[in-house]
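Residue numbers start from 1 in every chain, and the chains themselves are labelled A, B, ... in the order their sequence lines are given, proteins ahead of strands. Quick caveat: nothing in here was measured; it's all calculated off a predicted structure.
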Amino acid sequence: MGLFKAKIAELIKEKLPPASPGLDPDEVALGDLLEAPPDPAYGDMAFPTFSLARTFRRAPAKIAADLAAEINRARPDWLEKVEALNGYVNFTLNKPLAARSVLTAIKSEGRRYGSSGAGQGRKVVIDFSSPNIAKPFAVNLLRTTVLGQALSRLYAFQGYEVVRVNHLGDWGTQNGQWIVGYRLWGDEAALAANPIKELLRLYIRFHEEAEKHPELEDQAREAFHLLEQGDPEALALWKRFRHLSIEEFKRVYARMGIEFDSYAGEAFYSDKMEPVIRLLQEKGMLVESEGATVAPLDEYNLPPCLILKSDGSTLYPTRDLAAALYRWEQYQPALVLYVVDVRQSLHFQQIFTVLKKAGMSWVDRYEHIAYGLIKFQDMIMSTRKGAIVFLEDVLDEAANRSLEIIKERNPDLPDKEKVAEQVGIGAIIFRFLIYSRLKEISFDWQTALSFDGDTGPYVQYTYARLCSILRKAGTEGVDVEKIGEDPSCLCFEKLSAPEEAALIFELERFPDVLIQCEAGRDPVALARYLLELCRVFNGYYHQHRVMGSDAMAERLFLLAGVRTVLQNGLYLLGMSAPEEM
RNA sequence: GCGCCUAUAGCUCAGCGGAUUAGAGCGCCGGCCUCCGGAGCCGGGUGCGCAGGUUCGAUUCCUGCUAGGCGCACCA
């Protein structure tokens with residue numbers, strides 16, 4: 001909770017009259033009731049008393065008036081004004097003290113400012129990106145990749161030990177398709193020269209031919225079955241494809257600043273399914289149905305979960321059950337997040353329910369973090385139909401566009417390509433985080449490559465300007481790092497403009513925003529917050545001169561605070577923060 | 001047929017377990033002083049899908065309906 005909110009909540013709790021016996025006002029989370037008044041003229045924080053009316057058996061207006069009077073009897077110096085209005089108690093903070101407490105907190109905490117530390121000693125496993133090695137690395141993977149990365153940083157920032165797992169789709173019928181394709185049309189020379197291109201060619205060819213010759217699908221199933229039996233030749237091919245794919249993935253991940261702790265995918269679990277199946281059998285949860293082995297879930301109102309095909313081979317659910325079990329045994333996590341698209345909601349519901357039914361109560365810590373699909377020109381992205389937009393092409397296009405703009409507007413910038421990469425990729429990342437995760441995103445190049453308005457580059461640009469002015473202060477003999485080391489040297493009364501108070505408040509609520517993101521398992525609030533902070537800052541900065549003003553030191557201190565929060569925020573979203581662009 | 005998700009301004013979207021007067025971007029129109037970076041700033045706004053319910057008060061919670069999207073057995 002933010003500094004102000006916590007202090008006010010504590011004060012209210014202390015000053016509130018004791019409730020009737022049996023009615024405990026402590027049960028109401030007072031801090032959660034506090035909110036920003038619609039108009040700053042009312043105050044900085046408002047406490048609605050309506051929900052307490054029943055507990056105290058008194059009118060809200062009366063409660064508010066009494067509470068305000070009680071607080072005013074010995075009003076602490078950090079509160080300038082406390083008054084009751086329409087059932088609310090409105091608090092006006094002492095601005096200089098507020099500025100001092102927020103800015104010195106940012107100064108002392110620096111890159112840690114905003115962290116709740118709530119995750120200390122807890123482990124969270126985040127399963128994200130998880131491409132299928134037998135498919136092209138396409139844009140539809142961007143959302144899980146970007147979301148997962150942001151969530152990983154967010155949880156790590158809150159003190160969690162984060163295990164980033166890339167649960168590769170490297171086992172299953174699709175891999176059989178690949179083996180069949182390679183045997184029929186594979187070109188060894190091409191594979192050696194440009195493996196990714198060749199693998200893609202085989203992928204497309206297979207799906208084209210399979211339209212005309214459905215028996216290819218049977219061959220693929222057969223090939224996978226062989227693979228699962230450990231056929232040496234199939235295994236060798238598969239290993240090679242897998243290796244080449246991972247190398248390619250890693251290269252792209254590096255561009256986005258992503259590294260995984262584990263690439264344990266489906267194949268990793270291929271020899272770990274027996275115990276799960278046995279367990280389900282022992283619990284009497286498995287039955288034969290139409291030749292297959294399934295776990296009925298009627299009592300949970302869910303369709304049965306398929307465990308084994310009629311031919312005895314395993315399925316996606318089987319491997320996910322094994323993975324869930326393994327993750328529990330291996331990591332003992334406090335939380336497991338599966339960042340996987342919304343189409344698999346039922347699947348995860350079934351997996352979790354099967355484990356629950358089998359008595360694995362730890363599965364309550366497992367969550368499917370669903371997100372909406374990416375639509376492309378009114379069509380859901382489908383890699384099979386050939387409508388492929390490669391993930392890397394999107395990054396390239398964005399970087400190119402960014403480079404053009406830099407050449408035009410900042411021709412003297414050193415390291416243009418590097419900065420263009422940071423800004424271009426930042427634009428893409430931000431664009432995928434700015435919507436609530438369950439919303440569908442319709443991808444189009446024009447919007448993706450727009451750098452004006454509510455975009456990543458807007459935030460990065462604001463950050464760069466901030467760095468620019470702080471640099472300028474440095475060249476003019478001000479040691480920016482030293483400002484605020486001794487707060488008593490500063491006169492916080494000088495930060496008295498309404499825009500300055502608004503900025504202080506934005507900075508103060510940063511920790512709350514992160515908690516909100518953590519609770520909702522969605523970085524969208526942070527992305528929105530950064531935009532708002534930039535707007536407030538840009539408005540301020542546009543109308544108040546910093547350098548040479550009589551409040552220069554104080555304003556530079558304020559700017560340094562904004563810079564730190566933007567830096568932390570961009571990092572948490574998984575974006576770079578170039579100091580010039 | 002059953003289930004899940006979504007519905008807020010022309011368009012794309014915020015609005016945290018309710019609260020005083022519902023916000024932003026894009027697009028459109030009009031402005032920005034030889035001054036800290038114009039990827040910027042300022043101004044222009046008759047909008048919460050429909051119908052009920054709970055409440056002192058509902059965009060928010062509940063129910064039903066409508067529309068769109070996605071799932072529902074050997075793909076993942």
Look at the rings of [X] and [Y] and say which category their plane angle falls in: under 30° parallel, 30 to 60° tilted, over 60° perpendicular.
X       : Y       : result
Y316(A) : H347(A) : parallel
Y338(A) : F352(A) : tilted
F537(A) : Y540(A) : tilted

Taking a pair as Watson-Crick or G-U wobble with both distances under 3.5 Å, which nucleotide is matched to [N]?
N      : value
U66(B) : A7(B)
A24(B) : U12(B)
U60(B) : none
C36(B) : none
G47(B) : none

Pairwise [atom1] distance for [N] and [M], with rounding to whole Å:
N      : M      : atom1 : value
U20(B) : C72(B) : C1'   : 47 Å
C65(B) : U46(B) : C1'   : 28 Å
C42(B) : A58(B) : C1'   : 35 Å
A9(B)  : U55(B) : C1'   : 29 Å
U12(B) : G17(B) : P     : 25 Å
G25(B) : C62(B) : P     : 31 Å
C13(B) : G52(B) : C1'   : 29 Å
G15(B) : U6(B)  : P     : 11 Å

Atom [atom1] of [X] and atom [atom2] of [N]: how far apart are they, to the nearest Å?
X       : N      : atom1 : atom2 : result
L438(A) : A7(B)  : CG    : P     : 10 Å
K375(A) : G69(B) : NZ    : P     : 7 Å
R437(A) : C70(B) : CZ    : P     : 20 Å
E499(A) : C41(B) : CD    : C1'   : 12 Å
Q177(A) : C75(B) : CD    : C1'   : 8 Å
Y540(A) : C41(B) : OH    : P     : 16 Å
Q543(A) : G31(B) : CD    : P     : 21 Å
F432(A) : C13(B) : CZ    : C1'   : 15 Å

Nearest to the [X] side chain among [options], which nucleotide is it?
X       : options                : result
D454(A) : A14(B), A73(B), G25(B) : G25(B)
I469(A) : A76(B), C36(B), C56(B) : C36(B)
R545(A) : C36(B), A76(B), A73(B) : C36(B)
V294(A) : A73(B), U20(B), U12(B) : A73(B)
L315(A) : C75(B), C36(B), A24(B) : C75(B)
R535(A) : C35(B), U20(B), A24(B) : A24(B)
N86(A)  : G71(B), A73(B), U20(B) : U20(B)

Looking at [N], I'd like to know if its phosphate oxygens (OP1 or OP2) sit under 4.0 Å from a side-chain N or O belonging to [X].
X       : N      : answer
K135(A) : A76(B) : no
S345(A) : G3(B)  : no
K439(A) : A7(B)  : yes
R528(A) : G15(B) : no
S450(A) : C26(B) : no

Can you tabulate the close N/O pairs, meaning under 3.5 Å, that link protein atoms to atoms of nucleotides 38-40 of chain B?
residue	atom	partner	partner atom	Å
G38(B)	OP2	R465(A)	NH2	3.0
A39(B)	OP1	Y461(A)	OH	3.0
A39(B)	OP2	R409(A)	NE	3.4
A39(B)	OP2	R409(A)	NH1	2.8
A39(B)	O4'	R409(A)	NH1	2.6
G40(B)	OP1	G453(A)	N	3.1
G40(B)	O2'	R465(A)	NH1	3.0

What's [X] touching, base or sugar-phosphate or nothing? Going by heavy atoms closer than 4.0 Å.
X       : answer
Q349(A) : nothing
A370(A) : nothing
N175(A) : nothing
V342(A) : nothing
N410(A) : base
G169(A) : nothing
S436(A) : sugar-phosphate
H368(A) : nothing
L306(A) : base

Exercise. Is there a donor and acceptor pair closer than 3.5 Å between the side chain of T173(A) and the base of C75(B)?
Worked result: no

Residues [X], [Y]: salt bridge by 4.0 Å N-O rule:
X       : Y       : answer
D311(A) : K309(A) : no
D454(A) : R535(A) : yes
E421(A) : K418(A) : no
R555(A) : E500(A) : yes

Problem set entry | Pair E266(A)-H167(A), side-chain donor/acceptor within less than 3.5 Å |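 The answer is no; no qualifying pair exists.
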
Exercise. Looking just at side-chain N and O atoms, do H207(A) and E211(A) make a donor-acceptor pair shorter than 3.5 Å?
Worked result: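 E211(A) and H207(A) do not have a side-chain donor-acceptor pair below 3.5 Å.
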
Exercise. Shortest non-hydrogen contact from E35(A) to P48(A)?
Worked result: OE1-CG, 4.3 Å

Exercise. What pair of heavy atoms forms the shortest contact from L530(A) to L566(A), and how long is it?
Worked result: CD2-CD2, 4.0 Å

For this session: For E580(A) and for Y316(A), find the nucleotide of RNA chain B with the closest heavy atom, then tell me which residue's nucleotide is more 5'.
Result: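 Taking each residue's closest nucleotide, the earlier one in sequence belongs to E580(A).
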
Exercise. Where do E506(A) and R509(A) land on the salt bridge (Lys or Arg N to Asp or Glu O under 4.0 Å) test, with the steps shown first?
Worked result: CA-CA 5 Å; E506(A) 285 300 318; R509(A) 76 186 183 95; 3.2 Å; yes

